[in-house]
Amino acid sequence: MRENIVFSEQAKELAAKAREIAEKHVRPNAAKYDKLQQYNYDAAKAVAEAGLFKTFIPKQYGGHGAGILALAMVTEELAKADSGFGVAFAVNALGSFPIILGGTEEQKQKWLPQIARGEKFVAFCLSEKFAGSDASGLAVTAEEDGDHYVIRGEKKWTTNGGVADIYSVFCVTDPTSKSRRISAIVVEKGTPGFSVKKVEDKMGIRTVPVVETHFDNVRVPKFNLIGGRPGMGFTHAMQTLDCARPGVAAQAVGAAQGALDLALVYASRRRQFDAPISSFQMVQKMLADMAMKTEAARWLVYATAAAVDAGRKDTTKMAAMSKCFATDTAMEVATDAVQIFGGYGFMEDYPIAKCFRDAKILQIYEGTNQVQRMVIARNLVKEVSELSHLVPYIPGEVQQTYKNGGTISAENQGQPAVAAKA
Ligand code: CAA
């Protein structure tokens, strides 16, 4: 995949605004909200006023239509100051993508302009207690009742739950179907029977709420069925994740850069043996590796985002690669950053401990990194037929005819016969 990575003026401006907000509203309050486990409404208001929620909303619905690359750049800047706030922003895109990608015109007209203006926040309800990686094994049901669906069950790990006004909820609408079992339905805050129950007490990303959402006979009009056609939910979920994973990967790049910046400053000023520790080769190796991996992750994310923006349909593998690589990088960089801070890094006195706690979830949510590797490998295997001619003979294969008319078999071991006929 070789797309041009074009940083539009608009994307650069949006990223610059995000950096400004991050330094003014996010970083100074990150430790406080982390301790209190509270959402930073002040920063979210600044993000809305700066028009940053418009980044991922198409132009015809009041957004900038700036694309996934711009979304990645904005998310990276916010996450650099506080990874939790990075996801608090990016999850609005995750929750909006089912509507953007699969919604009817009327649904887009109804919900997207409110999201673009930052008047309504969004959440994505896919995971359940017994359906995490196995996203098709959902138990929450939506039963037809006249002009309505009635939703019953519980969702787990709803990021932004309670703060959000609009929830994209994945429900079983046809338990008898294998491939068309699931549909995505919008549930709005305040709908009777919908409630936020358990607010999770988390190790990291404590500045964004993660909750259980409960649906106790929640009646929603059929209008809220995303796309107006039941059975499209799993496809909508997977397409959404293809667009959203570069966003979480960008959050990871921001998190890694944030940890690296702190470690670099600390290493340059912390003195041992009469010298700054940044002058010691072993510390230099760590800093160099941290910087290299962060930069490599950044460009993989940008390349993936550019490919999605270019309208390529086969971005699943790259989205999984960028999510997996960038989030593994964030964990490694945060771990090494704590090491550079030494004993002080283990204490909550410095912001680096928070970076370390915040990093772990990146390898788990929006598809564990084990799932990402499975997706990557499945796609590699699908693509293998294009390369088949590279290895003419595999032990156990009987005979195969090649494009050039040559044959291979156990007797000729492939190479000579093919070469002779070519
Ligand atoms: N785009 C479109 N369609 C796709 C697709 C894609 N990327 N991937 C799969 N599909 C389609 C397949 O073509 C297939 O269609 P048919 O039935 O018509 O043939 C169907 O979906 C089923 O595909 P699979 O057989 O590949 O499905 P599977 O059950 O074997 O596994 C999986 C798929 C990759 C494991 C998937 O379940 C998955 O991604 N799991 C992880 C879930 C996840 O990421 N959860 C994160 C929740 S959100 C979150 O964490 C965010 C947060 O809080 C911030």
Side-chain angles (χ1 to χ4, degrees), residues 75 79 83-98 101-102 121-138 140 155-164 167-170 172 174 177-184 200 202 204-205 207-213 227 229 231-252 255 304 307-308 312-324 327 358 360-382:
T75 305
S83 188
F85 192 76
V87 67
F89 169 73
V91 80
N92 288 282
L94 174 71
S96 302
F97 282 137
L101 298 169
F121 297 138
V122 200
F124 180 79
C125 301
L126 178 67
S127 302
E128 298 178 3
K129 263 185 195 157
F130 304 111
S133 292
D134 182 7
S136 61
L138 304 181
V140 167
K155 288 287 177 184
K156 194 83 182 156
W157 320 132
T158 306
T159 305
N160 230 14
V163 168
Y167 296 75
S168 294
V169 186
F170 292 82
V172 177
D174 184 356
S177 169
K178 192 164 178 290
S179 58
R180 297 283 174 261
R181 212 174 148 253
I182 294 166
S183 304
E200 305 290 349
K202 309 184 292 303
I205 59 158
T207 57
V208 64
V210 173
V211 307
E212 277 180 15
T213 36
R229 195 153 62 96
M232 296 306 294
F234 195 73
T235 306
H236 289 157
M238 293 299 116
Q239 288 172 340
T240 289
L241 291 168
D242 286 347
C243 289
R245 282 176 179 156
V248 82
Q251 182 202 342
T304 306
V308 177
R312 290 197 62 124
K313 295 287 170 235
D314 52 345
T315 49
T316 301
K317 184 180 71 180
M318 274 190 88
M321 282 180 171
S322 61
K323 192 279 175 181
C324 189
T327 59
D358 284 350
K360 185 61 212 171
I361 190 63
L362 292 162
Q363 296 176 300
I364 299 171
Y365 66 18
E366 271 192 58
T368 64
N369 284 3
Q370 286 71 24
V371 161
Q372 307 305 330
R373 286 180 168 90
M374 188 180 89
V375 169
I376 296 163
R378 278 185 184 181
N379 280 280
L380 285 172
V381 170
K382 267 192 220 160

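Whatever order the structure lists them in is the order used to number ligands and atoms, beginning at 1.
Considering backbone and side-chain N/O of D242, one or more are found under 3.5 Å from N/O of ligand 1. Where the criterion is an N or O separation shorter than 3.5 Å, residue side chain and backbone included, S133 meets it with respect to ligand 1. Annotation: G367 places an N or O atom under 3.5 Å from an N or O atom of ligand 1; distance criterion only. The distance criterion of under 3.5 Å between nitrogen or oxygen atoms is met by R245 with respect to ligand 1. Taking only nitrogen or oxygen atoms, main chain and side chain alike, S179 does not reach within less than 3.5 Å of ligand 1. Taking distance alone, with nitrogen or oxygen atoms compared against 3.5 Å, T159 approaches ligand 1 more closely than that limit.
For atom 47 (C) of ligand 1, the choice among C243, A237, S127 with the nearest heavy atom turns out to be S127.
The ligand atoms of ligand 1 that sit less than 4.0 angstrom from a heavy atom of L94 are 51 (C). Every atom of ligand 1 with a heavy atom of L241 under 4.0 Å away is listed here by number and element: 43 (C), 44 (O). Set against the non-hydrogen atoms of T316, the atoms of ligand 1 under 4.0 Å away are 7 (N). Counting the atoms of ligand 1 from 1 in the order shown, those under 4.0 Å from a heavy atom of A135 are 37 (O), 42 (C). Atoms of ligand 1 lying under 4.0 Å from any heavy atom of F124, numbered from 1 in the order shown and given with element: 48 (S).
Closest approach of Q372 and R245 over heavy atoms only: NE2-NE, 3.4 Å. Contact record, V210 with T159: CG2-OG1, 3.8 Å, taken as the closest heavy-atom pair. P246 and L241 make their closest contact through CD-O, 4.4 Å (heavy atoms, listed as atom of the first residue, atom of the second, distance). For the pair V140 and K155, the tightest heavy-atom approach, listed with the atom from each and the gap, is CG2-CE, 3.8 Å. Closest of all the heavy-atom pairs between S179 and S177 is N-OG, 3.5 Å. For the residue pair N160 and V122, the shortest heavy atom distance occurs at ND2-O, 3.1 Å.
The protein non-hydrogen atom at the shortest distance from atom 32 (C) of ligand 1 is M374 CE, 4.4 Å. At the shortest separation from atom 22 (C) of ligand 1 among protein heavy atoms lies F234 CE2, 3.5 Å. Nearest protein heavy-atom contact of atom 29 (O) of ligand 1 is S136 OG, 3.7 Å. Nearest protein neighbour of atom 51 (C) of ligand 1, counting heavy atoms only, is E366 CG, 3.3 Å. The protein atom (non-hydrogen) at minimum distance from atom 4 (C) of ligand 1 is M238 CB, 3.7 Å. Regarding atom 24 (P) of ligand 1, its nearest protein heavy-atom neighbour is R378 NH1, 3.9 Å.
Between T316 and N379, the side chains place no donor N or O within less than 3.5 Å of an acceptor N or O (distance only, hydrogens not considered). A donor-acceptor contact under 3.5 angstrom links the side chains of S136 and D134, judged on distance only.
Residue V375 touches ligand 1 through its side chain alone, judged by heavy-atom distances below 4.0 Å. At a heavy-atom cutoff of 4.0 Å, ligand 1 is contacted by no atom of T158, backbone or side chain. Counting heavy atoms under 4.0 Å from ligand 1, residue V248 does not touch it at all.
Applying the salt bridge (Lys or Arg N to Asp or Glu O under 4.0 Å) criterion to R373, with sequence neighbours excluded, gives D328.
By the definition of a contact as any protein heavy atom under 4.0 Å away, atom 15 (O) of ligand 1 is not in contact. Per-atom contact check: atom 40 (N) of ligand 1 touches the protein, criterion being a heavy-atom distance below 4.0 Å.
Distances from ligand 1 to the non-hydrogen atoms of K178 include no value under 4.0 Å. Residue contacts with ligand 1: Q251 is excluded, as none of its non-hydrogen atoms falls under 4.0 Å.
Looking only at side-chain heavy atoms (C-beta outward), D174 and R180 stay at 4.5 Å or farther from each other.
To the nearest 0.5 Å, atom NZ of residue K323 and atom CG of residue N369 are 4.0 Å apart.
Between the side chain of R181 and the backbone N or O of L138 there is at least one donor-acceptor pair closer than 3.5 Å.
None of F170, Y365, Y167 except one satisfies the ring-ring contact (aromatic ring centres under 6.0 Å, His included) rule with F124; the exception is F170.
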Can you list the steps and then say if L362 with I205 is a side-chain contact (heavy atoms from CB on, under 4.5 Å)? CA-CA 10 Å; L362 292 162; I205 59 158; over 6 Å; no
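Between K156 and E212, at least one side-chain nitrogen of the basic residue sits less than 4.0 Å from a carboxylate oxygen of the acidic one, meeting the salt-bridge criterion.
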